[in-house]
**Q** 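Here's a structure for you.
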Amino acid sequence: EGHIKPSRNLEEIGPARMAVAEIQVKEMIEEIEKAGFKGKKIGVDMLNFPIMEALKKANVTVVDAETIMLDARMVKTNDEIVLVKYAAAINDSALYHCIYKMDKPGLREWDVGAELIYIMRKYGCDVPNDGIRGIVASGERVNPYCRTVGGTDKIIRPNELMVIDSHMSFMGYHVDYTRTFLSSGKATKEMKEVNKRNLDYLYSGIEKVKPGNTTADVYRAWKKNMPSDWSRFTLDFGHGIGATGHEAPWVTEASEESPHIFEKNMAMAFETYIPGGPGIASRIEENLVITDTGYEIISLCPHDERLVE
């Protein structure tokens, strides 16, 4: 109590922008000196340019504390896990409504994106930073995959594949997962085959998740089938979720050289993409919480049975 101070508005423009930054740094230094740390280095995880300049002007030595903050956020408390799971429940509701309750043919992608956000806000989603968004793609925009937040004015047609990548937060705790589904009608043989390949690919990595294993174990499982095309690299990786939607630990090519050990109460997202012919692809992302012996999937919106039958 008494150690958290409200921040000043740092969105000022013109001369006031620098003036406000200098006032905030002055107040910050006063509090640090009261706590008995006069003349010590200050660790900063993020700051804007006016604050950086104000710290230099005040002859304050600044060191990088981002890694410390990222490490501290990787393992969640039980209360944080409750909030992540509640955010997942809201996301489930919004995705389920858009996938299974809306008559989509004839609507535009951004009609679906708007409905997704409406349901999220209805059930309590807040909007810190990038706390609410949905990528919506359909038809020819599924492959090649066009990642447009909110979708476009493209009209959704019958029997098209669609992808929704839904990212939202509740009380500052984020989830981020994706489903591929049919706008209407029946799936073709190729649609089913591509979707099965992607599910198998995704879960070949997820099945390596348990305390004691590392991010390198997941990467190596994916590496056998991972495309060499780096333009698609960010479609095949894992990342932490929590205070932001993308944070440590990460599963990337770098995981082999610098692996992170999985621990109980880490919350993570794993996402993969497999393309087929034009307009055919599967993009799937799951969220999970690491348990004592393995993992618990918390992204519970069902996969489209027409694609997995």
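This structure is a prediction, so every number in the text was calculated from the model and none was measured. Counting begins at 1 with the first residue of the sequence.
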**Q** What's the shortest heavy-atom distance between Phe181 and Lys104, and which atoms?
**A** CE1-CE, 3.6 Å
**Q** Checking Lys154 side chain against Glu109 main chain: does a donor-acceptor pair fall under 3.5 Å?
**A** no
**Q** Quick one, Ser138 and Leu161 - any side-chain contact, counting heavy atoms below 4.5 Å?
**A** no
**Q** Output yes when a side-chain donor or acceptor of Glu22 lies under 3.5 Å from a complementary backbone atom of Ala19, and no otherwise.
**A** no
**Q** Do the charged groups of Glu296 and Lys85 touch, with an N to O distance under 4.0 Å?
**A**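 Judged by the 4.0 Å cut-off on N to carboxylate O distance, Glu296 and Lys85 do form a salt bridge.
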**Q** If I compare all heavy atoms of Ala267 with all of Val84, which pair ends up nearest, and what's the gap?
**A**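 Here Ala267 and Val84 meet closest at CB-CG1, 4.4 Å.
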**Q** Are Met171 and Val82 co-members of a hydrophobic cluster defined by side-chain heavy atoms under 4.5 Å apart?
**A** no
**Q** Could you check whether Arg157 pairs with Glu160 (Lys NZ or Arg NE/NH1/NH2 to Asp/Glu carboxylate O, under 4.0 Å)?
**A**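 Salt bridge: no.
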**Q** Arg133 and Ser166: side-chain donor and acceptor closer than 3.5 Å?
**A**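 Arg133 vs Ser166: no donor-acceptor pair found between side chains.
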**Q** Does any non-hydrogen side-chain atom of Leu95 lie less than 4.5 Å from one of Ile164?
**A**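 Yes. Closest side-chain heavy atoms under 4.5 Å.
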**Q** Which distance, rounded to the nearest 0.5 Å, do you find between the CD1 of Ile42 and the CD1 of Ile29?
**A** 6.0 Å
**Q** For Asn143 and Ile280, work out which heavy atoms get closest and say how close.
**A** ND2-O, 3.2 Å
**Q** Tell me whether Ile155 at atom CD1 has more than 12 heavy atoms from other residues, nucleotides or ligands lying less than 6.0 Å away.
**A**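 Incorrect, the count does not exceed 12.
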**Q** At their closest point, which heavy atom of Ser183 faces which heavy atom of Met162, and how far apart are they?
**A**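 Distance-wise, the nearest heavy atoms are CB-SD, 4.0 Å.
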**Q** If hydrophobic clusters are built from ILVMFWY residues whose side chains come within less than 4.5 Å, do Ile261 and Leu70 share one?
**A**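 Not linked; separate clusters.
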**Q** Does the Asp71 side chain pair with the main chain of Ile68, one donor and one acceptor, at a distance under 3.5 Å?
**A** no
**Q** Salt bridge check, Lys26 against Glu30: does any charged N sit closer than 4.0 Å to a carboxylate O?
**A** yes
**Q** Does any N or O in the side chain of Asp92 come within less than 3.5 Å of the main-chain N or O of Cys301, such that one atom is a donor and the other an acceptor?
**A** yes
**Q** Quick check on the hydrophobic clustering: are Ile297 and Met268 connected, directly or via other members, by side-chain heavy-atom contacts under 4.5 Å?
**A**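 Yes; Met268 is reachable from Ile297 via cluster members.
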**Q** So, Tyr295 and Glu207: side-chain donor and acceptor under 3.5 Å apart, yes or no?
**A**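 No pair is found: no donor N or O on one side chain lies under 3.5 Å from an acceptor on the other.
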**Q** Output the distance between atom OG1 (Thr178) and atom CZ (Arg147), rounded to the nearest 0.5 Å.
**A** 8.0 Å
**Q** With rounding to the nearest 0.5 Å, note down the distance linking CG in Leu182 to CD in Glu305.
**A**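 If I round to the nearest 0.5 Å, the distance is 12.5 Å.
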**Q** Which value, rounded to the nearest 0.5 Å, describes the distance between Met28 atom CE and Glu33 atom CD?
**A** 11.0 Å
**Q** Do Asp176 and Asn287 meet the criterion of a side-chain donor-acceptor pair at a distance under 3.5 Å?
**A**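 Side-chain D/A pair, Asp176 to Asn287: absent.
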**Q** Between Ser282 (side chain only) and Ile274 (backbone N and O only), is there a donor and an acceptor less than 3.5 Å apart?
**A** no
**Q** For Lys192, look at atom NZ and say whether over 12 heavy atoms of other residues, nucleotides or ligands are found less than 6.0 Å away.
**A**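 Yes, NZ of Lys192 has more than 12 neighbouring heavy atoms, counting only those of other groups under 6.0 Å.
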**Q** Would you mind reporting whether Asn48 and Arg17 have side-chain heavy atoms less than 4.5 Å apart?
**A**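 A side-chain contact under 4.5 Å exists here.
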**Q** Name all pairs fulfilling the ring pair (Phe, Tyr, Trp, His ring centres under 6.0 Å) condition that reach into residues 69-113, sequence neighbours left out, sorted by first residue then second.
**A**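 Pairs touching residues 69-113 that pass the test: Tyr86-Phe170, Tyr96-Tyr100.
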**Q** Would you confirm whether Thr291, through its side chain, and Gly294, through its main-chain N or O, come within 3.5 Å as a donor-acceptor pair?
**A**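 Indeed, once roles are kept as given, a pair shorter than 3.5 Å links the two residues.
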**Q** Do Tyr203 and Val251 sit in the same hydrophobic cluster, where Ile, Leu, Val, Met, Phe, Trp and Tyr count as joined when their side-chain heavy atoms come under 4.5 Å apart?
**A**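 Shared cluster, yes.
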**Q** Are Val25 and Met18 grouped together when hydrophobic residues (ILVMFWY) are joined by side-chain heavy atoms under 4.5 angstrom apart?
**A** no
**Q** After noting the C-alpha distance and the side-chain angles of Met74 and Glu263, does the key distance pass the side-chain contact (heavy atoms from CB on, under 4.5 Å) rule?
**A** CA-CA 9 Å; Met74 278 198 287; Glu263 298 180 55; 6.0 Å; no
**Q** Is there a side-chain contact between Leu307 and Thr180 (heavy atoms, below 4.5 Å)?
**A**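 Yes, close enough: below the 4.5 Å cut-off.
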**Q** Give the intermediate values and the outcome of salt bridge (Lys or Arg N to Asp or Glu O under 4.0 Å) for residues Lys223 and Glu253.
**A** CA-CA 9 Å; Lys223 188 177 180 180; Glu253 188 177 62; over 6 Å; no
**Q** If I take atom CG from residue Asp64 and atom CG from residue Asp45, how far apart are they, to the nearest 0.5 angstrom?
**A** 8.5 Å
**Q** Measure from the side-chain N and O atoms of Ser255 to the backbone N and O of Thr252, and report whether any donor-acceptor pair falls under 3.5 Å.
**A** yes
**Q** Can you confirm whether Val209 sits close enough to Leu288 that some side-chain heavy atom of one is under 4.5 Å from a side-chain heavy atom of the other?
**A** yes
**Q** Taking the side chain as C-beta and beyond, is there a heavy-atom pair between Tyr173 and Ile241 under 4.5 Å?
**A**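 Result no, sub-4.5 Å side-chain heavy-atom pair not found.
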**Q** Mind checking whether Ser93 and Tyr123 have side chains closer than 4.5 Å, heavy atoms only?
**A** yes
**Q** Decide yes or no for Thr215 and Trp250: does some side-chain heavy atom of the first lie under 4.5 Å from some side-chain heavy atom of the second?
**A** no
**Q** Measure from the side-chain N and O atoms of Arg141 to the backbone N and O of Val136, and report whether any donor-acceptor pair falls under 3.5 Å.
**A**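 Such a contact is found between Arg141 side chain and Val136 backbone.
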**Q** Between Arg108 and Asp153, is there a salt bridge with N-O shorter than 4.0 Å?
**A**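 Not counted as a salt bridge, because no side-chain N and carboxylate O are separated by less than 4.0 Å.
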**Q** Check for a donor-acceptor pair, side chain of Asn265 on one end and backbone N or O of Lys76 on the other, with a separation under 3.5 Å.
**A**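 The answer is yes, because a donor-acceptor pair under 3.5 Å joins these two groups.
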**Q** For residues His167 and Glu285, is any side-chain donor paired with an opposing acceptor at under 3.5 Å?
**A**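 Side chains of His167 and Glu285: no pair found under 3.5 Å.
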**Q** Taking atom types as modelled, is there a side-chain donor on Ser299 or Glu286 under 3.5 Å from an acceptor on the other?
**A** yes
**Q** Please report whether the ring centroid of His239 lies less than 6.0 Å from that of Phe237.
**A** yes
**Q** Any chance you could measure Asn91, atom CG, to His174, atom NE2, to the nearest 0.5 Å?
**A**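 Between Asn91 CG and His174 NE2, I get 12.0 Å after rounding to 0.5 Å.
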**Q** Look at Lys196 together with Glu193 and state whether they make a salt bridge at an N to O cut-off of under 4.0 Å.
**A** no
**Q** Using 4.0 Å as the upper bound for N to carboxylate O, is an ion pair formed by Glu31 and Lys38?
**A**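 Salt bridge between Lys38 and Glu31, a charged N being under 4.0 Å from a carboxylate O: no.
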**Q** What's the shortest heavy-atom distance between Gly205 and Ala221, and which atoms?
**A**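 Gly205 and Ala221 have their closest heavy atoms at CA-CB, 4.1 Å.
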**Q** Hey, is Glu80 close enough to Arg73 for a salt bridge, meaning N to O under 4.0 Å?
**A**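 Salt bridge between Glu80 and Arg73, a charged N being under 4.0 Å from a carboxylate O: no.
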**Q** If we ignore hydrogens and angles and just use 3.5 Å, is the side chain of Tyr177 paired with the main-chain N or O of Phe270 as donor and acceptor?
**A** no
**Q** Grab the two heavy atoms, one from Thr214 and one from Asp217, that are nearest each other, plus how far apart they are.
**A** N-OD2, 2.8 Å
